Chemist: 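Just passing along the structure, written as C-alpha coordinates.
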Amino acid sequence: DVQLVQSGAELKKPGESLRISCKASGYSFITYWLVWVRQMPGKGLEWMGIVYPGDSETRYSPSFQGQVTISADTSTTTAFLQWSSLKSSDSATYYCARRGQWKVGDFYYYGMDVWGQGTTVTVSS
Amino acid sequence: IQLTQSPSSLSASVGDRVTITCRASQDISSYLAWYQQKPGKAPKLVIYAASTLRDGVPSRFSGSGSGADYTLTISSLQPEDFATYYCQQFNRFPRTFGQGTRLEIK
(Lines give C-alpha, C1' and ligand atoms only; values in the text may rest on other atoms or scores of the structure.)
Protein backbone atom coordinates (compact mmCIF):
# COMPACT_ATOMS: atom_id res chain seq x y z
CA ASP A 1 0.00 0.00 0.00
CA VAL A 2 1.14 3.51 -0.74
CA GLN A 3 1.31 5.37 2.56
CA LEU A 4 2.55 8.52 4.19
CA VAL A 5 2.84 8.20 7.96
CA GLN A 6 3.52 11.35 9.94
CA SER A 7 5.12 11.80 13.32
CA GLY A 8 3.01 12.36 16.40
CA ALA A 9 1.50 15.45 17.96
CA GLU A 10 3.86 18.01 19.46
CA LEU A 11 3.51 20.47 22.33
CA LYS A 12 6.25 23.09 22.28
CA LYS A 13 7.05 26.48 23.77
CA PRO A 14 7.56 29.67 21.77
CA GLY A 15 11.15 29.97 20.59
CA GLU A 16 11.78 26.23 20.57
CA SER A 17 12.83 24.34 17.48
CA LEU A 18 10.93 21.45 15.95
CA ARG A 19 11.19 18.96 13.13
CA ILE A 20 8.22 16.83 12.09
CA SER A 21 8.43 13.93 9.70
CA CYS A 22 6.54 12.13 6.96
CA LYS A 23 7.59 8.54 6.23
CA ALA A 24 6.75 7.32 2.73
CA SER A 25 6.30 3.68 1.74
CA GLY A 26 4.90 1.59 -1.07
CA TYR A 27 6.18 3.67 -3.98
CA SER A 28 9.37 5.10 -5.48
CA PHE A 29 10.16 7.91 -3.06
CA ILE A 30 12.57 9.73 -5.35
CA THR A 31 10.17 10.15 -8.25
CA TYR A 32 7.31 12.05 -6.63
CA TRP A 33 7.23 15.56 -5.22
CA LEU A 34 6.09 15.85 -1.59
CA VAL A 35 4.11 18.80 -0.34
CA TRP A 36 3.47 20.28 3.10
CA VAL A 37 0.10 21.87 3.85
CA ARG A 38 -0.92 23.86 6.92
CA GLN A 39 -4.39 23.92 8.40
CA MET A 40 -4.91 26.27 11.31
CA PRO A 41 -7.73 25.44 13.73
CA GLY A 42 -11.08 25.83 12.02
CA LYS A 43 -9.49 27.25 8.87
CA GLY A 44 -8.70 26.22 5.32
CA LEU A 45 -5.74 24.58 3.64
CA GLU A 46 -2.53 26.51 2.93
CA TRP A 47 0.17 25.25 0.58
CA MET A 48 3.53 25.73 2.30
CA GLY A 49 6.08 24.24 -0.04
CA ILE A 50 7.28 21.22 -1.94
CA VAL A 51 10.37 19.03 -2.18
CA TYR A 52 11.57 16.64 -4.87
CA PRO A 53 13.47 13.88 -3.04
CA GLY A 54 15.29 12.87 -6.23
CA ASP A 55 17.46 15.99 -6.13
CA SER A 56 16.23 17.82 -3.00
CA GLU A 57 14.86 20.74 -5.04
CA THR A 58 12.47 22.77 -2.94
CA ARG A 59 9.97 25.53 -3.64
CA TYR A 60 8.27 27.59 -0.94
CA SER A 61 5.19 29.73 -0.76
CA PRO A 62 6.25 33.35 -0.13
CA SER A 63 4.11 33.18 3.02
CA PHE A 64 6.38 30.49 4.44
CA GLN A 65 9.75 31.24 2.82
CA GLY A 66 12.31 31.80 5.57
CA GLN A 67 9.90 30.59 8.25
CA VAL A 68 10.29 26.85 7.73
CA THR A 69 12.67 24.42 6.07
CA ILE A 70 11.51 21.49 3.97
CA SER A 71 13.82 18.59 3.25
CA ALA A 72 13.88 14.91 2.36
CA ASP A 73 16.12 11.95 3.20
CA THR A 74 16.18 9.28 0.54
CA SER A 75 17.94 6.77 2.80
CA THR A 76 14.90 6.69 5.12
CA THR A 77 12.26 7.75 2.54
CA THR A 78 11.23 10.51 4.91
CA ALA A 79 10.35 14.14 4.34
CA PHE A 80 10.71 16.78 7.02
CA LEU A 81 9.29 20.13 7.98
CA GLN A 82 11.25 22.12 10.49
CA TRP A 83 11.20 25.35 12.44
CA SER A 84 14.14 26.99 14.18
CA SER A 85 12.05 29.20 16.44
CA LEU A 86 8.37 28.46 16.89
CA LYS A 87 5.69 31.08 17.43
CA SER A 88 2.23 30.61 18.87
CA SER A 89 0.87 31.33 15.38
CA ASP A 90 2.52 28.10 14.17
CA SER A 91 -0.09 26.11 16.10
CA ALA A 92 -1.86 24.10 13.43
CA THR A 93 -2.22 20.69 11.87
CA TYR A 94 0.38 19.99 9.21
CA TYR A 95 -0.17 17.50 6.44
CA CYS A 96 2.29 16.01 4.02
CA ALA A 97 0.96 14.84 0.67
CA ARG A 98 2.32 13.26 -2.49
CA ARG A 99 1.91 15.18 -5.71
CA GLY A 100 0.50 12.76 -8.22
CA GLN A 101 0.85 13.27 -11.94
CA TRP A 102 -1.36 12.05 -14.79
CA LYS A 103 -1.22 12.51 -18.54
CA VAL A 104 -4.47 13.78 -20.00
CA GLY A 105 -4.27 14.28 -23.73
CA ASP A 106 -0.95 15.94 -24.47
CA PHE A 107 -0.41 17.41 -21.01
CA TYR A 108 0.43 16.33 -17.49
CA TYR A 109 -1.88 17.34 -14.68
CA TYR A 110 -1.44 17.17 -10.95
CA GLY A 111 -3.19 16.56 -7.67
CA MET A 112 -2.27 15.50 -4.17
CA ASP A 113 -3.25 11.87 -4.27
CA VAL A 114 -1.83 10.44 -1.04
CA TRP A 115 -1.96 12.27 2.28
CA GLY A 116 -0.46 11.70 5.68
CA GLN A 117 -2.73 11.59 8.70
CA GLY A 118 -1.61 15.03 9.89
CA THR A 119 0.60 16.22 12.75
CA THR A 120 -0.88 18.66 15.24
CA VAL A 121 1.60 21.18 16.56
CA THR A 122 0.65 23.25 19.58
CA VAL A 123 2.89 26.15 20.57
CA SER A 124 2.07 27.58 23.97
CA SER A 125 3.94 29.01 26.90
CA ILE B 1 -3.09 33.14 -8.15
CA GLN B 2 -6.16 33.65 -5.93
CA LEU B 3 -8.97 31.13 -5.92
CA THR B 4 -12.42 32.19 -4.76
CA GLN B 5 -14.98 29.51 -3.99
CA SER B 6 -18.69 30.10 -3.79
CA PRO B 7 -20.70 29.63 -1.82
CA SER B 8 -18.64 29.48 1.38
CA SER B 9 -21.29 27.21 2.89
CA LEU B 10 -24.25 25.37 1.56
CA SER B 11 -27.14 23.46 3.16
CA ALA B 12 -28.66 20.68 1.12
CA SER B 13 -30.62 17.46 1.50
CA VAL B 14 -29.81 13.89 0.56
CA GLY B 15 -30.66 13.46 -3.11
CA ASP B 16 -30.13 17.13 -4.02
CA ARG B 17 -27.91 18.26 -6.86
CA VAL B 18 -25.32 20.80 -5.74
CA THR B 19 -22.73 22.88 -7.54
CA ILE B 20 -19.68 24.60 -6.08
CA THR B 21 -17.82 27.23 -8.06
CA CYS B 22 -14.11 28.06 -8.03
CA ARG B 23 -12.97 31.23 -9.77
CA ALA B 24 -9.27 31.94 -10.34
CA SER B 25 -7.72 35.38 -10.59
CA GLN B 26 -6.31 34.38 -13.99
CA ASP B 27 -6.51 31.63 -16.58
CA ILE B 28 -5.27 28.37 -15.00
CA SER B 29 -5.74 26.20 -18.11
CA SER B 30 -7.60 23.38 -16.31
CA TYR B 31 -4.76 22.86 -13.82
CA LEU B 32 -7.34 22.47 -11.09
CA ALA B 33 -8.02 19.79 -8.52
CA TRP B 34 -10.87 19.32 -6.06
CA TYR B 35 -10.60 17.77 -2.60
CA GLN B 36 -13.07 16.56 0.01
CA GLN B 37 -12.25 16.93 3.69
CA LYS B 38 -14.20 15.57 6.62
CA PRO B 39 -13.70 16.85 10.19
CA GLY B 40 -10.50 15.60 11.77
CA LYS B 41 -9.37 13.83 8.60
CA ALA B 42 -6.90 14.54 5.84
CA PRO B 43 -8.29 15.80 2.53
CA LYS B 44 -8.99 13.34 -0.27
CA LEU B 45 -8.49 14.02 -3.95
CA VAL B 46 -11.75 13.90 -5.90
CA ILE B 47 -10.98 15.42 -9.32
CA TYR B 48 -7.85 16.52 -11.18
CA ALA B 49 -7.37 18.27 -14.50
CA ALA B 50 -10.62 20.11 -13.75
CA SER B 51 -12.85 17.26 -14.89
CA THR B 52 -11.08 13.88 -14.48
CA LEU B 53 -12.53 11.78 -11.72
CA ARG B 54 -9.97 10.05 -9.59
CA ASP B 55 -10.21 6.25 -9.63
CA GLY B 56 -12.69 5.02 -7.06
CA VAL B 57 -14.61 8.29 -6.74
CA PRO B 58 -18.34 7.84 -7.34
CA SER B 59 -19.66 9.00 -10.69
CA ARG B 60 -22.13 11.36 -9.03
CA PHE B 61 -19.15 13.74 -8.73
CA SER B 62 -18.22 15.72 -11.80
CA GLY B 63 -16.07 18.70 -12.63
CA SER B 64 -16.11 21.17 -15.45
CA GLY B 65 -14.77 24.51 -16.53
CA SER B 66 -11.99 26.21 -18.39
CA GLY B 67 -9.97 29.39 -18.26
CA ALA B 68 -10.57 30.93 -14.85
CA ASP B 69 -13.97 29.41 -13.95
CA TYR B 70 -14.59 25.88 -12.69
CA THR B 71 -17.35 23.92 -11.00
CA LEU B 72 -17.73 20.79 -8.92
CA THR B 73 -21.14 19.15 -9.13
CA ILE B 74 -22.57 16.35 -7.02
CA SER B 75 -25.57 15.02 -8.88
CA SER B 76 -27.41 13.29 -6.02
CA LEU B 77 -26.07 13.97 -2.55
CA GLN B 78 -25.39 11.00 -0.34
CA PRO B 79 -24.94 11.17 3.44
CA GLU B 80 -21.19 10.55 3.11
CA ASP B 81 -20.78 13.61 0.83
CA PHE B 82 -21.37 16.15 3.59
CA ALA B 83 -17.92 17.63 4.04
CA THR B 84 -15.81 20.65 3.13
CA TYR B 85 -14.60 20.91 -0.45
CA TYR B 86 -11.50 22.76 -1.64
CA CYS B 87 -10.22 23.62 -5.08
CA GLN B 88 -6.49 23.96 -5.77
CA GLN B 89 -4.64 25.32 -8.77
CA PHE B 90 -1.45 23.83 -10.21
CA ASN B 91 -0.79 26.44 -12.87
CA ARG B 92 1.62 28.65 -10.92
CA PHE B 93 3.63 28.53 -7.70
CA PRO B 94 2.54 28.79 -4.96
CA ARG B 95 -0.12 26.15 -5.52
CA THR B 96 -2.98 27.97 -3.84
CA PHE B 97 -6.24 26.60 -2.47
CA GLY B 98 -9.67 28.11 -2.44
CA GLN B 99 -11.03 29.03 0.98
CA GLY B 100 -13.33 26.00 1.07
CA THR B 101 -17.04 25.31 0.78
CA ARG B 102 -18.74 23.65 3.72
CA LEU B 103 -21.57 21.38 2.61
CA GLU B 104 -24.01 20.73 5.42
CA ILE B 105 -27.12 18.65 5.84
CA LYS B 106 -30.34 20.67 5.70
Side-chain angles (χ1 to χ4, degrees), chain A residues 1-6 9 22 32-52 57-65 67-68 70 92-120, chain B residues 1-9 20 22 27-57 61 63-66 70 72 83-103:
Chain A
D1 275 5
V2 176
Q3 282 191 98
L4 297 174
V5 178
Q6 297 184 230
C22 170
Y32 286 84
W33 291 80
L34 274 168
V35 178
W36 287 96
V37 174
R38 183 174 80 173
Q39 188 166 40
M40 300 180 78
K43 302 298 184 183
L45 305 173
E46 299 175 88
W47 189 92
M48 300 177 71
I50 193 168
V51 60
Y52 187 68
E57 181 180 352
T58 54
R59 301 286 296 266
Y60 293 91
S61 165
S63 299
F64 294 95
Q65 179 86 47
Q67 309 304 307
V68 297
I70 292 170
T93 296
Y94 295 87
Y95 293 101
C96 63
R98 187 181 80 167
R99 193 205 74 175
Q101 174 175 300
W102 303 269
K103 192 170 183 186
V104 180
D106 295 331
F107 301 98
Y108 284 93
Y109 292 87
Y110 313 107
M112 274 124 60
D113 64 344
V114 182
W115 290 70
Q117 80 277 20
T119 296
T120 299
Chain B
I1 296 176
Q2 284 194 308
L3 297 181
T4 303
Q5 290 183 230
S6 60
S8 296
S9 64
I20 299 168
C22 178
D27 184 344
I28 56 172
S29 301
S30 296
Y31 285 97
L32 189 89
W34 289 96
Y35 301 89
Q36 176 193 71
Q37 187 181 31
K38 296 183 179 179
K41 299 294 187 184
K44 291 183 179 179
L45 178 66
V46 176
I47 283 172
Y48 60 91
S51 60
T52 303
L53 213 58
R54 187 192 182 176
D55 285 350
V57 173
F61 289 87
S64 66
S66 62
Y70 298 88
L72 172 70
T84 300
Y85 291 84
Y86 295 92
C87 57
Q88 184 193 16
Q89 63 83 19
F90 286 86
N91 191 57
R92 291 278 186 271
F93 284 104
R95 310 298 204 203
T96 42
F97 290 94
Q99 82 279 14
T101 295
R102 186 174 176 182
L103 179 53

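Owing to the predicted nature of the structure, the values given are computational and were not obtained by experimental measurement. Order of the sequence lines fixes the chain letters, A, B, ..., with proteins taken first and strands second; residue numbering starts at 1 for each chain.
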Chemist: Minimum heavy-atom separation for Ala33(B) and Gly111(A), please, with both atom names.
Modeler: CB-CA, 4.4 Å
Chemist: Mind ranking Phe64(A), Trp102(A), Phe107(A), Tyr95(A) by heavy-atom pairs under 4.5 Å with chain B and telling me who comes out on top?
Modeler: Trp102(A)
Chemist: Can you list everything that forms a ring pair (Phe, Tyr, Trp, His ring centres under 6.0 Å) with Tyr94(A)? Sequence neighbours excluded, please.
Modeler: Trp83(A)
Chemist: Quick one: which of Lys43(A), Glu46(A), Met48(A), Arg59(A) has the most heavy-atom pairs under 4.5 Å with chain B, could you say?
Modeler: Arg59(A)
Chemist: Roughly how far, to the nearest 0.5 Å, is the CG atom of Leu45(A) from the OH atom of Tyr35(B)?
Modeler: 9.0 Å
Chemist: Using 0.5 Å steps for rounding, measure from the CD atom of Gln39(A) to the CZ atom of Phe97(B).
Modeler: 9.5 Å
Chemist: Does any heavy atom of chain A fall under 4.5 Å from the side chain of Pro43(B), the backbone, both, or neither of them?
Modeler: both
Chemist: Could you look at Tyr110(A) and say if it's the side chain, the backbone, both or neither that has a heavy atom under 4.5 Å from chain B?
Modeler: both
Chemist: Is chain B contacted by the side chain of Val37(A), its backbone, both, or neither, given a heavy-atom distance below 4.5 Å?
Modeler: side chain
Chemist: Could you give the distance from CZ (Arg95(B)) to CH2 (Trp33(A)), rounded to the nearest 0.5 Å?
Modeler: 9.0 Å
Chemist: Distance from Phe90(B) atom CZ to Tyr109(A) atom OH, nearest 0.5 Å?
Modeler: 13.0 Å
Chemist: Below 4.5 Å, heavy atoms only, C-beta onward: do Gln37(B) and Trp115(A) meet side chain to side chain?
Modeler: no
Chemist: Could you tell me how the ring of Trp47(A) sits relative to the ring of Phe93(B): parallel (under 30°), tilted (30 to 60°) or perpendicular (over 60°)?
Modeler: tilted
Chemist: State which residues pass side-chain contact (heavy atoms from CB on, under 4.5 Å) with Ile47(B); sequence neighbours excluded, sorted by chain then number.
Modeler: Trp34(B), Leu53(B), Leu72(B)
